[in-house]
*Asks:* 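Sending over a structure as C-alpha cells; questions will come in a sec.
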Amino acid sequence: MHASNNMPTSAQRLTSIYQRIEISAKRFGSGGVIPKLVAVSKTIPSAEIAPVLDMGQRIFGENRVQEAQGKWPELKKQFQDIELHLIGPLQSNKVKDAVGLFDVIQTVDREKLARALFGEISRQGKEVTCFVQVNIGLESQKSGVLPDDVVSFVNMCKHDIGLKISGLMCIPPAGEAAGPYFALLHQLAKELNITLLSMGMSSDFETGIEMGATHVRVGTAIFGARDQ
Ligand SMILES: *Cc1c(COP(=O)(O)O)cnc(C)c1O
C-alpha cells in the first residue's frame with residue numbers, strides 16, 4: 001500500500017522559496033538584483049541540512065556559536081563554498097570561535113564586541129563581513145543598537161575601531177506589520193551608505209524584499225517547524 005504523505009520535503013519547500021524570492025524581487029526589487037537566501041538551520045541536525053545543500057543552497061544562518069561548531073566544520077569540509085552567517089547574540093568570550101567559523105556576523109551591537117571582533121579578525125587574518133543589528137522596534141527584550149544611535153555607532157566602528165560595517169540587520173516586533181520597520185532600516189542604511197540589508201523571515205520575507213532587503217533569513221518555511 002502506498003501511504004500518501006502530502007508533507008512537502010525541505011527540497012520542495014526550498015524550491016518554492018526561491019521562486020517567491022524571484023517573483024518579489026522582480027516585482028519590487030531595485031535593479032533586478034535577487035536577494036540572497038540565508039537558510040536558517042538553527043536546531044536542525046546535519047542530516048536534515050544535507051538535502052538542502054544537495055539542492056545547491058550554500059548560505060546558512062545559525063544563532064548559537066556552540067551549536068554551529070558541532071555541525072558546520074564537517075559540512076564546510078564537504079562543501080567548500082558554504083557561507084555561514086551568525087544571526088544570534090555573540091558573547092565576547094565566543095568571539096574567537098565565531099571569527100574562526102563564520103563568514104558573516106550579523107549581530108554586532110555594542111562597542112566592546114566591535115573592538116573584540118576587530119582584534120580577532122586581524123589576528124586570524126580572516127575576512128568576516130559585519131552587520132550591525134538594529135533594535136528597530138525599541139524592544140527591551142531584544143538586542144541591537146537603537147535606531148537613534150545607529151549612525152554614531154557605525155561611524156564609531158569605522159573611525160575609532162577600524163571595523164568595517166557592511167550591513168544592517170533587524171528583527172521587527174512580533175505580531176506587527178513589518179513594513180514600516182523595514183522601511184526605517186532601509187532609511188538608516190541609506191544615510192550611512194551601507195548597501196547590505198538583512199530583513200525578513202519566513203512570515204515576512206516578501207515584505208523585506210519590497211523594502212530593499214539584500215538578504216532574507218528563512219528557517220521554518222524551509223526546514224519546517226522547529227522542536228523548541
Ligand atoms: C530563527 C531566526 C530566523 C528564522 O526564522 P523563521 O521564522 O523560522 O524563518 C531569522 N532570523 C533570526 C535572527 C532568527 O533567530
*Asks:* Any heavy-atom pair between the side chains of Ile59 and Leu84 that's under 4.5 Å?
*Replies:*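 No. Closest side-chain heavy atoms not under 4.5 Å.
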
*Asks:* With Gln124, which of Glu127, Lys126, Glu120 fulfils side chain to side chain donor-acceptor pair (under 3.5 Å)?
*Replies:*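 Only one of Glu127, Lys126, Glu120 forms a side chain to side chain donor-acceptor pair (under 3.5 Å) with Gln124, namely Glu120.
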
*Asks:* Using the rule given for side chain to side chain contact (heavy atoms under 4.5 Å, CB included), can you reason through Val40 versus Phe60, listing the C-alpha separation, both sets of side-chain angles and the distance that settles it, and then say yes or no?
*Replies:* CA-CA 6 Å; Val40 176; Phe60 291 86; over 6 Å; no

*Asks:* Quick one: side chains of residues 167-175, donor-acceptor pairs under 3.5 Å with protein atoms, not counting sequence neighbours, listed by atom name and distance.
*Replies:*
none

*Asks:* Once the angle between the rings of His85 and His215 is folded into 0 to 90°, is it parallel (under 30°), tilted (30 to 60°) or perpendicular (over 60°)?
*Replies:*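 Judged by the thresholds at 30° and 60°, the geometry between His85 and His215 is tilted.
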
*Asks:* Once you round to the nearest 0.5 Å, how far does SG of Cys130 lie from CD1 of Ile165?
*Replies:*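 So the gap between those two atoms works out to 5.5 Å.
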
*Asks:* Tell me whether Val104 shares a hydrophobic cluster with Ile82, the cluster being built from Ile, Leu, Val, Met, Phe, Trp, Tyr side chains joined at under 4.5 Å.
*Replies:*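 Unlinked, Val104 and Ile82 end up in two clusters.
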
*Asks:* When rounded to the nearest 0.5 angstrom, what is the spacing between CD in Gln78 and OG in Ser46?
*Replies:*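 Answer for the CD-OG pair, Gln78 versus Ser46, is 8.5 Å.
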
*Asks:* Output the distance between atom CE (Met211) and atom CG (Leu184), rounded to the nearest 0.5 Å.
*Replies:*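 Output value for this atom pair is 11.5 Å.
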
*Asks:* Could you tell me whether the side chain of Val132 reaches within less than 4.5 Å of the side chain of Asp109, counting heavy atoms only?
*Replies:*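 The answer is no; the side chains never approach within 4.5 Å.
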
*Asks:* Specify the closest pair of heavy atoms between Ser143 and Gln133, including all atoms of both residues, with the distance to one decimal.
*Replies:*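 That closest heavy-atom pairing would be O-NE2, 3.4 Å.
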
*Asks:* Ignoring hydrogens and geometry beyond distance, is a side-chain donor-acceptor pair present between Gln106 and Ser198 at under 3.5 Å?
*Replies:*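 Per modelled atom types, Gln106 and Ser198 side chains form a pair under 3.5 Å.
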
*Asks:* Is any side-chain heavy atom of Asp204 less than 4.5 Å from a side-chain heavy atom of Phe182?
*Replies:*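 The answer is yes, as the side chains (C-beta and beyond) meet within the 4.5 Å cut-off.
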
*Asks:* I need the full list of side chain to side chain donor-acceptor pair (under 3.5 Å) pairs touching residues 169-193, with sequence neighbours left out, sorted by first then second residue.
*Replies:*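 Sorted pair list: Glu176-Tyr181.
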
*Asks:* Do Val108 and Met199 sit in the same hydrophobic cluster, where Ile, Leu, Val, Met, Phe, Trp and Tyr count as joined when their side-chain heavy atoms come under 4.5 Å apart?
*Replies:*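 Yes, Val108 connects to Met199 through the hydrophobic network.
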
*Asks:* Please tell me if the side chains of Phe205 and Ile17 come closer than 4.5 Å, counting only heavy atoms from C-beta onward.
*Replies:*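 A side-chain contact under 4.5 Å exists here.
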
*Asks:* Would Phe131 end up clustered with Met156 when hydrophobic side chains under 4.5 Å apart are linked, directly or stepwise?
*Replies:*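 No, Phe131 and Met156 fall in different hydrophobic clusters.
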
*Asks:* Does Leu138 share a hydrophobic cluster with Val150, counting links as ILVMFWY side-chain heavy atoms below 4.5 Å and allowing steps through other members?
*Replies:*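 Looking at the clustering, Val150 is in a separate group from Leu138.
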
*Asks:* Is any side-chain N of the basic residue among Lys42 and Glu67 closer than 4.0 Å to the acidic one's carboxylate O?
*Replies:*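 Here Lys42 does not pair with Glu67 in a salt bridge, since their nearest N and O are not under 4.0 Å apart.
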
*Asks:* Once salt bridge (Lys or Arg N to Asp or Glu O under 4.0 Å) is applied, do any residues pair with Glu74, and if so which ones, sequence neighbours excluded?
*Replies:*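 For Glu74 the salt bridge (Lys or Arg N to Asp or Glu O under 4.0 Å) partners, ignoring immediate neighbours, are Lys77.
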
*Asks:* Going through the distances and angles, do Ile105 and Leu90 end up as a side chain to side chain contact (heavy atoms under 4.5 Å, CB included)?
*Replies:* CA-CA 9 Å; Ile105 293 177; Leu90 177 56; 4.3 Å; yes

*Asks:* Before accepting this row, confirm whether a basic side-chain N of the pair Glu210/Arg27 lies closer than 4.0 Å to the acidic partner's carboxylate O.
*Replies:*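 No.
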
*Asks:* Please round to the nearest 0.5 Å and tell me the distance separating atom CD1 of Ile87 and atom OG1 of Thr107.
*Replies:*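 Reported to 0.5 Å precision, the distance equals 9.0 Å.
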
*Asks:* So, Arg20 side chain and Glu206 main chain: donor-acceptor pair closer than 3.5 Å or not?
*Replies:*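 Not confirmed, Arg20 side chain does not pair with Glu206 backbone.
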
*Asks:* Pro35 and Ile209: which non-hydrogen atoms are nearest, and at how many Å?
*Replies:*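 What the structure gives for the nearest pair is CG-CG1, 3.7 Å.
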
*Asks:* For this output row, return yes or no: ring centroids of Phe102 and Trp72 closer than 6.0 angstrom.
*Replies:*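 No: the rings miss the under 6.0 Å criterion.
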
*Asks:* With rounding to the nearest 0.5 angstrom, report the CD1 to CD1 distance, Ile21 to Ile23.
*Replies:*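 Here the rounded value is 11.0 Å.
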
*Asks:* Would you confirm whether Ser41, through its side chain, and Ile44, through its main-chain N or O, come within 3.5 Å as a donor-acceptor pair?
*Replies:*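 Judged by distance alone, no pair lies under 3.5 Å.
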
*Asks:* Atom CG of Leu197 and atom OG of Ser166: how far apart are they, to the nearest 0.5 Å?
*Replies:*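 Answer rounded to 0.5 Å: 12.0 Å.
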
*Asks:* Judged by atom type as modelled, is there a donor-acceptor pair below 3.5 Å linking the side chain of Asp149 to the main-chain atoms of Val145?
*Replies:*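 A pair under 3.5 Å: no.
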
*Asks:* For Lys76, is there an ion pair with Asp103 - N to carboxylate O distance below 4.0 angstrom?
*Replies:*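 Result for this pair is yes, salt bridge flagged.
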
*Asks:* Run the numbers on Ser10 and Glu48 for side chain to side chain donor-acceptor pair (under 3.5 Å), then give the verdict.
*Replies:* CA-CA 8 Å; Ser10 56; Glu48 288 173 44; over 6 Å; no

*Asks:* A side-chain contact here means heavy atoms from C-beta on lying under 4.5 Å apart; do Val52 and Ile222 qualify?
*Replies:*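 Yes, their side chains come closer than 4.5 Å.
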
*Asks:* Do Val154 and Leu196 belong to the same hydrophobic cluster, where Ile, Leu, Val, Met, Phe, Trp and Tyr are linked whenever their side-chain heavy atoms lie under 4.5 Å apart, directly or via other members?
*Replies:*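 Looking at the clustering, Leu196 is in a separate group from Val154.
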
*Asks:* Test your reading of the model: is there a side-chain donor-acceptor pair from Asn135 to the backbone of Lys142, 3.5 Å cut-off?
*Replies:*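 Such a contact is found between Asn135 side chain and Lys142 backbone.
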
*Asks:* Give the C-alpha distance, both sets of side-chain angles, the deciding distance and a yes or no for side chain to side chain contact (heavy atoms under 4.5 Å, CB included) between Met201 and Val218.
*Replies:* CA-CA 5 Å; Met201 321 205 305; Val218 178; 5.9 Å; no

*Asks:* Can Gln57 and Tyr18 be said to form a side chain to side chain contact (heavy atoms under 4.5 Å, CB included), step by step?
*Replies:* CA-CA 10 Å; Gln57 175 66 26; Tyr18 285 147; 2.6 Å; yes

*Asks:* Considering only heavy atoms from C-beta outward, does the side chain of Gln69 approach that of Leu101 to under 4.5 Å?
*Replies:*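 Yes, their side chains come closer than 4.5 Å.
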
*Asks:* May I ask you to check whether over 12 heavy atoms, not counting those of Asp148, lie within 6.0 Å of atom CG?
*Replies:*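 12 or below, so no.
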
*Asks:* Is it the case that the side chain of Thr15 and the backbone of Ala11 share a donor-acceptor pair, with hydrogens and angles ignored and the cut-off at 3.5 Å?
*Replies:*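 Between the backbone of Ala11 and the side chain of Thr15 there is a qualifying donor-acceptor contact (under 3.5 Å).
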
